> 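My structure is below; once you've seen it, I'll send some questions.
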Amino acid sequence: MIFKVNKPYPKIKVEEKNYYYANILLNDYSSNISELSAITQYIYQYFDKFNTNQEFSNIMQNIAKVEMFHLELLGKTIKLLGINPKFIFINKNLYNNLTYWNSSFIDYNSNIKLMLKNNIIIEEKAIENYKKDITIISDKYIKKLLNRIIEDEYLHIEIFKYLLNKV
Ligand SMILES: [Fe+2]
């Protein structure tokens, strides 16, 4: 099984510094629906099932590694755009206050079926957010990067659906 699409990633590059774009990417990097949340969500599921469902657990570990690579791509891009890659985001639900990422963003359900259903939902929301960002951001390098990340997230949905069929 492969966990990332077999295509190269674009070079981490930006046309110029842009704080507005950096703040948009912070949302994908470390908000409630973000790469950081996906990593910790999947690592939680990996640890929770390591002794009872090895196939599921191994897959979650491997997908978490791909999400960590996505985090790296976004973090370095945010830095190039001129903002430090802190794990914060502008919270639209809280009067645009700067909010720190926290572990309450994770779903601690222990039922594999519900875990997989939740994972599909967060991947779908992530894709939706990336697609929206691509329409707002005009930097060609960032557009390319987000389009490449989206391809992996679609693959993750396929894997979760495959697992969901088996449980
Ligand atoms: Fe991702």
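Because the structure is a prediction, the values reported are computed rather than measured. Both ligands and their constituent atoms are indexed starting at 1 by order of listing.
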> Just by modelled atom types, is the Asp107 backbone N or O under 3.5 Å from a matching donor or acceptor in the Gln41 side chain?
yes
> Taking only residues two or more places apart in sequence, or in another chain, which ones meet Tyr44 in a side chain to side chain donor-acceptor pair (under 3.5 Å)?
none
> Do NZ/NE/NH1/NH2 and the carboxylate oxygens of Glu72 and Lys76 come within less than 4.0 Å?
yes
> Residues in salt bridge (charged side-chain N to carboxylate O under 4.0 Å, His left out) with Glu124, at least two apart?
none
> Could you pull out all residues at least two apart from Lys7 that satisfy side chain to side chain donor-acceptor pair (under 3.5 Å)?
Glu151
> If only atom types and distance count, is the side chain of Asn96 paired as donor or acceptor with the main-chain N or O of Ile90 below 3.5 Å?
no
> Among protein atoms, how many N/O/S atoms lie less than 2.8 Å from the Fe ion (ligand 1)?
5
